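Right, one structure below, let's go through it.
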Amino acid sequence: MTATTDTTTTAGIPDLYPTRGATEVPTPRQDPVVWGAPDAPGPIVPGDLLSFERDGFLAIDQLITDDEVTVYRNELNRLVNDPDIRADERSIVEPQSKEIRSVFEVHRISEVFAKLVSDERVVGRARQILGSDVYVHQSRINVKPGFGASGFYWHSDFETWHAEDGLPRMRTVSVSIALTENYDTNGGLMIMPGSHKTFLGCAGETPKDNYKKSLQMQDAGTPSDEALTQMATQHGIKLFTGKAGSATWFDCNAMHGSGDNITPFPRSNVFIVFNSVENTAVEPFAAPIRRPEFIGARDFTPVK
C-alpha cells in the first residue's frame, strides 16, 4: 500500500512524505536522486553519477590524503578531549560510558573542519548531485572507540529531517569521511542499495525534545522489524570498509545504520550534510517544535 497526502504546513508547502502517523506508510520517491545535469562539470564522472542514482550511494577509495587524515584526526582528538567542548550542548555522550559520541556543528567550532567543508573535492560533489548551490544542514564528528561504542540503528535521515527539521524535498546528500580504518568488524556503515527510492513513513508521534533521546538511541522515526526485513530482503545490505581518507556519499533517504564496535579498533569519521539552497527548511512536518539549529541549520548561506 502506498499513499500521499495534501496536508500542508503553515508555509503552504505540500507534505509529499507523510510520517509519524498511526501506521507505517511507504510512499514512492517523488523527487530526483541526481538533480544536476549528467554532464555537469565536477569531480564525479558521469558513470559514478549513474551508480549513485541507482544505488543511492557512492564510495570513494581516497577522498583526502594520508597527511590530511592526520590533521583531521588530530583535530578530532583535540575536540573530544577539550573540557569546554564536552560541556557544550553540541556534544553528545554515550549513555553507558559517558564518553563523547558525537560533536555537532563541527564546521563552526573548528576552523580545520570549516576548511574541509569548503574543499572543492567535498562541496563540489554535493553541488553536482544536488544541482545547485548548497549549505550545511548538519555537520558532526562521530567517535566510536573500541570495546563497546554503540551503533546507530536503521533509519532514513530524511525521515527525521523532514519530520523534525522541516526539509520539504529529498534534495540533501551526506558524506562520511573515514578518519580511521573501517574494517568489516568495527561497526562500519551499512546501507540497503536502492532503498532510497521508497520513503518509509514511520508510525508514532514525535515526543517534544525528542532529539535529546534520539541522538543517543533512536526511537521515534524507527522502522518496524517487518519493514526492515522486507527492505533488506529486497535490496540486500552493503557494508562499507576502507582505509582512513576513504569516503561514502549517500542519499538522504537511503536506509542505513551501523553496529556496535566491540573490537579494539576505533572507528571515527567526520559527517557533513549538504542541502540545496532551493530546499530550505520550513516548520517541522511531524514534530511539535524544531530541533536546535546546531542539529538542523536555519542559516542557509551557500558554502563558498
Side-chain angles (χ1 to χ4, degrees), residues 4-19 27-44 46 48-58 104-105 107-108 114 116-140 156-176 196-199 201 249-254 271-287 290-304:
T4 58
T5 179
D6 292 329
T7 302
T8 60
T9 68
T10 54
I13 296 177
D15 183 358
L16 300 179
Y17 301 104
T19 190
T27 301
R29 186 186 184 110
Q30 299 182 52
D31 289 308
V33 177
V34 176
W35 291 72
D39 56 351
I44 308 176
D48 285 345
L49 277 177
L50 289 174
S51 295
F52 186 87
E53 164 77 33
R54 180 189 68 233
D55 298 328
F57 61 80
L58 177 62
F104 280 80
E105 214 171 41
H107 71 295
R108 296 192 181 278
L116 178 63
V117 164
S118 60
D119 189 307
E120 189 60 25
R121 293 170 296 178
V122 178
V123 70
R125 285 178 164 87
R127 293 191 191 106
Q128 212 175 343
I129 291 169
L130 301 180
S132 69
D133 281 336
V134 298
Y135 70 93
V136 177
H137 177 69
Q138 183 187 106
S139 72
R140 67 179 188 259
S156 153
D157 286 329
F158 180 75
E159 194 279 336
T160 298
W161 298 338
H162 182 68
E164 301 185 40
D165 297 340
L167 294 191
R169 310 296 292 264
M170 293 181 182
R171 199 170 181 180
T172 314
V173 67
S174 302
V175 60
S176 174
H196 62 303
K197 297 293 183 72
T198 301
F199 176 77
W249 289 86
F250 58 101
D251 180 82
C252 59
N253 190 47
F271 181 77
I272 307 164
V273 180
F274 293 101
N275 188 39
S276 169
V277 296
E278 299 173 10
N279 188 45
T280 54
V282 295
E283 291 305 307
F285 284 82
R290 304 174 185 171
R291 298 194 300 175
E293 291 192 25
F294 69 84
I295 301 174
R298 295 279 161 169
D299 179 352
F300 310 133
T301 305
V303 175
K304 297 298 185 184

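Keep in mind it's a predicted model, so treat the numbers as computed, not measured.
- Taking the side chain to side chain contact (heavy atoms under 4.5 Å, CB included) definition, one finds that P292 meets it with Y211, F294, I295, sequence neighbours left out.
- For N253, the side chain to side chain donor-acceptor pair (under 3.5 Å) partners two or more places apart in sequence, or in a different chain, are S156.
- The closest donor-acceptor contact from the side chain of D119 to the backbone of R121 lies under 3.5 Å.
- For F52, there are no ring-ring contact (aromatic ring centres under 6.0 Å, His included) partners at least two apart in sequence or on another chain.
- Looking at H137, its side chain never comes within 3.5 Å of a backbone N or O of S276 through a donor-acceptor pair.
- At a threshold of 4.0 Å, the pair R108-D299 counts as salt-bridged, since one of the basic side-chain nitrogens sits closer than that to a carboxylate oxygen.
- The closest side-chain heavy-atom distance from T160 to R291 is below 4.5 Å.
- Counting only heavy atoms from C-beta outward, the side chains of L49 and Q128 approach each other to under 4.5 Å.
- Residue T19 forms a side chain to side chain donor-acceptor pair (under 3.5 Å) with just one option from E164, E159, H162, and that option is E159.
- A donor-acceptor pair under 3.5 Å is formed between the side chain of R171 and the backbone N or O of L130.
- Counting only distance, with no hydrogens or angles, the side chain of D31 and the backbone of M170 share a donor-acceptor pair below 3.5 Å.
- In this structure, S132 contributes its side chain and E278 its backbone to no donor-acceptor pair below 3.5 Å.
- Relative orientation of the F199 and F158 rings is perpendicular, given thresholds of 30° and 60° on the angle between their planes.
- Ring geometry, F271 versus F250: the interplanar angle falls from 30° to 60°, so the pair is classed tilted.
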